[in-house]
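All residue numbers in this chain count up from 1 along the given sequence. Order of appearance sets the numbers: ligands from 1, and atoms from 1 within every ligand.
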Amino acid sequence: MTHFPKVTKAVIPAAGLGTRFLPATKAVAKEILPIIDVPAIQFIVEEALTAGIKDILIITGKGKQEIEDHFDANFSLEKNLKSKGKDKLLELATKTSDLNIHYTRQQYPKGLGDAVLHAQTFVGEDPFLLLLGDDITRGENLSQSLINLYAEYGKTTIAGVRVNEDKAKRYGMLDIETTNQDHIFNIKGLIEKPQGEAPSNLAAAGRYILKPEIFPILESLKPGSTGEIELTDALIDYNQNHEILAYEYPGEWYEVGEAYGMLIASIIFALDHPEVKDEFIPYIKKLAESL
Ligand code: UTP
């Protein structure tokens with residue numbers, strides 16, 4: 001039985017500079033870079049909508065107009081495809097034309113924490129789903145799992161994935177203790193990009209259920225060691241007085257905010273992409289044999 005309000009709002013921060021993807025991101029928003037033919041942010045939006053989210057806020061910034069254009073109608077393109085009878089392409093082009101997406105701008109890229117703070121008015125008194133555009137999932141709908149957990153426990157929840165020890169310094173790492181349920185942990189602490197030993201090998205996977213109580217904490221934060229206002233710092237503070245759960249995602253997780261992760265995701269998604277798989281699978285097999 002559901003005791004807690006259903007999470008119906010999602011926030012997608014997309015105002016970062018994307019420096020790990022330069023030079024591509026000099027003139028193109030990294031969120032628009034495609035995995036084969038679908039922009040990364042479309043995967044994120046579809047994950048949220050499939051999980052039952054009704055309202056989405058995307059936090060954009062300078063040079064990110066393409067994101068709004070992508071989720072808008074393109075009248076001349078639609079007219080052109082219609083007149084040529086290209087129905088399948090028309091369907092793809094209009095799939096993202098009429099979604100309930102709101103936008104706000106982060107004026108300076110002062111960090112993820114600052115970006116989230118821009119969602120305060122949109123969120124109001126409600127819990128919300130936060131999805132980071134760098135993280136693409138495949139398999140179980142991770143947002144849906146977090147929303148279900150919130151309905152049961154009503155707690156701030158962070159999705160995690162297992163990473164190799166040598167990669168821990170790139171992620172927000174979770175200090176966890178087991179509960180009596182598989183895949184669910186209590187969070188004892190968090191550390192952003194640990195330089196020494198990480199407390200576990202569970203890394204924050206870019207999906208969170210947050211509550212509005214996080215906003216006053218974010219407001220009070222000063223920039224951390226990175227010079228940015230870190231969401232992790234706010235969660236550490238929040239965790240002093242509130243329980244936070246971690247959910248270990250059993251599906252596949254790809255980090256597409258940098259070139260290597262994007263390459264791997266593209267290969268994996270190509271293996272079952274209806275337009276390319278028949279040509280790609282024999283090609284990649286032959287390539288692998290030749291190495
Ligand atoms: P990242 O640190 O991965 O994004 O932030 P970035 O800053 O764009 O990337 P690099 O490190 O320079 O390559 C995680 C998420 O938070 C958003 C990003 O767009 C990304 O989705 N973000 C980050 C903001 O919206 N605003 C910021 O000031 C920083």
Side-chain angles (χ1 to χ4, degrees), residues 10-35 39-48 56-68 70-71 101-120 122-123 128-137 142-143 158-161 163 167-173 190-194 203-208 210 214-215 218-219 221-235 253-263 265:
V11 174
I12 306 176
L17 296 177
T19 53
R20 282 169 298 156
F21 231 131
L22 279 167
T25 48
K26 194 176 166 200
V28 177
K30 76 169 169 183
E31 296 77 10
I32 286 294
L33 297 177
I35 298 150
I41 197 158
Q42 188 174 327
F43 282 96
I44 309 291
V45 165
E46 284 175 0
E47 178 183 320
I56 296 177
L57 174 73
I58 301 183
I59 297 157
T60 68
K62 195 166 169 47
K64 302 276 184 169
Q65 295 87 335
E66 295 148 345
I67 298 176
E68 284 189 54
H70 181 69
F71 294 110
I101 298 183
H102 312 259
Y103 298 90
T104 192
R105 278 173 81 114
Q106 183 191 25
Q107 290 73 19
Y108 298 96
K110 288 197 282 189
L112 173 60
D114 179 68
V116 173
L117 203 43
H118 283 69
Q120 193 165 10
F122 168 80
V123 163
F128 62 102
L129 171 70
L130 177 72
L131 304 99
L132 306 191
D134 286 352
D135 304 287
I136 300 284
T137 61
L142 176 52
S143 293
I158 304 177
V161 283
V163 296
K167 294 214 170 126
K169 57 179 175 299
R170 291 166 40 179
Y171 303 110
M173 300 303 296
L190 303 93
I191 176 162
E192 186 63 33
K193 303 186 176 72
R207 302 287 184 275
Y208 308 76
L210 300 176
I214 202 73
F215 293 121
L218 283 169
E219 251 163 355
L221 282 182
K222 301 262 175 300
S225 54
T226 53
E228 297 194 340
I229 296 185
E230 299 282 2
L231 176 64
T232 304
D233 289 342
L235 288 165
W253 172 77
Y254 301 98
E255 209 203 352
V256 297
E258 39 94 35
Y260 180 74
M262 178 60 100
L263 175 65

Within-4.5 Å side-chain heavy-atom neighbours: Leu210 and Val11: no

4.5 Å side-chain heavy-atom contact, Leu190 and Ile158: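 SC-SC contact between Leu190 and Ile158 confirmed.
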
Give the atoms of ligand 1, by number and element, whose distance to some non-hydrogen atom of [X] is under 4.0 Å.
| X | result |
| --- | --- |
| Glu31 | 19 (O) |
| Gln106 | 24 (C), 25 (O), 26 (N), 27 (C), 28 (O) |
| Gly133 | 21 (O) |
| Gly111 | 26 (N), 27 (C), 28 (O), 29 (C) |

Whether Asp134 lies under 4.0 Å from ligand 1, heavy atom: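 Under 4.0 Å: yes for Asp134.
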
Ile59 near ligand 1 by a heavy-atom separation under 4.0 Å: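 The answer is no: ligand 1 sits nowhere under 4.0 Å from a heavy atom of Ile59.
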
Aromatic plane relationship, Phe215 with Phe128 - under 30° parallel, 30 to 60° tilted, over 60° perpendicular: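 Rings of Phe128 and Phe215: parallel, as their planes differ by under 30°.
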
Nearest heavy-atom pair of [X] and [Y]: which atoms, and what distance?
| X | Y | answer |
| --- | --- | --- |
| Arg207 | Ser143 | CD-OG, 3.9 Å |
| Gly133 | Val256 | O-CG2, 3.8 Å |
| Pro39 | Ile32 | CB-O, 3.5 Å |
| Glu228 | Pro109 | OE2-O, 4.1 Å |

Asp134 side, atom CG; Ile44 side, atom CD1 - distance, nearest 0.5 Å: 8.5 Å

Atom pair CD1/CD1 of Ile136 and Ile35 - distance to nearest 0.5 Å: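 Going from the CD1 atom of Ile136 to the CD1 atom of Ile35 covers 4.0 Å.
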
For ligand 1, is there an N or O atom under 3.5 Å from any N or O atom of [X]?
| X | result |
| --- | --- |
| Leu132 | no |
| Ala15 | yes |
| Arg20 | yes |
| Gly257 | no |
| Lys110 | yes |

Per atom 19 (O) of ligand 1, closest listed option by heavy atom (Ala29, Ala115, Pro109, Gly16):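 Among Ala29, Ala115, Pro109, Gly16, the closest heavy atom to atom 19 (O) of ligand 1 belongs to Gly16.
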
Closest to atom 4 (O) of ligand 1 among Glu258, Lys30, Lys64 (heavy-atom distance):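 Checking each option, the heavy atom nearest atom 4 (O) of ligand 1 is found in Lys30.
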
Tell me which protein heavy atom sits closest to [atom], plus the residue, atom name and distance to 0.1 Å.
| atom | value |
| --- | --- |
| atom 21 (O) of ligand 1 | Pro13 O, 3.0 Å |
| atom 8 (O) of ligand 1 | Gly18 N, 2.8 Å |
| atom 12 (O) of ligand 1 | Thr19 OG1, 2.5 Å |

Arg20/Glu255 salt bridge by N-O under 4.0 Å criterion: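 Counted as a salt bridge, because a side-chain N and a carboxylate O are separated by less than 4.0 Å.
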
N-O pairing of Lys193 and Glu230 below 4.0 Å: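 Glu230 and Lys193: not salt-bridged.
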
For ligand 1, the portion of Leu112 having any non-hydrogen atom under 4.0 Å away: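 Within the 4.0 Å criterion, Leu112 contacts ligand 1 through backbone and side-chain atoms alike.
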
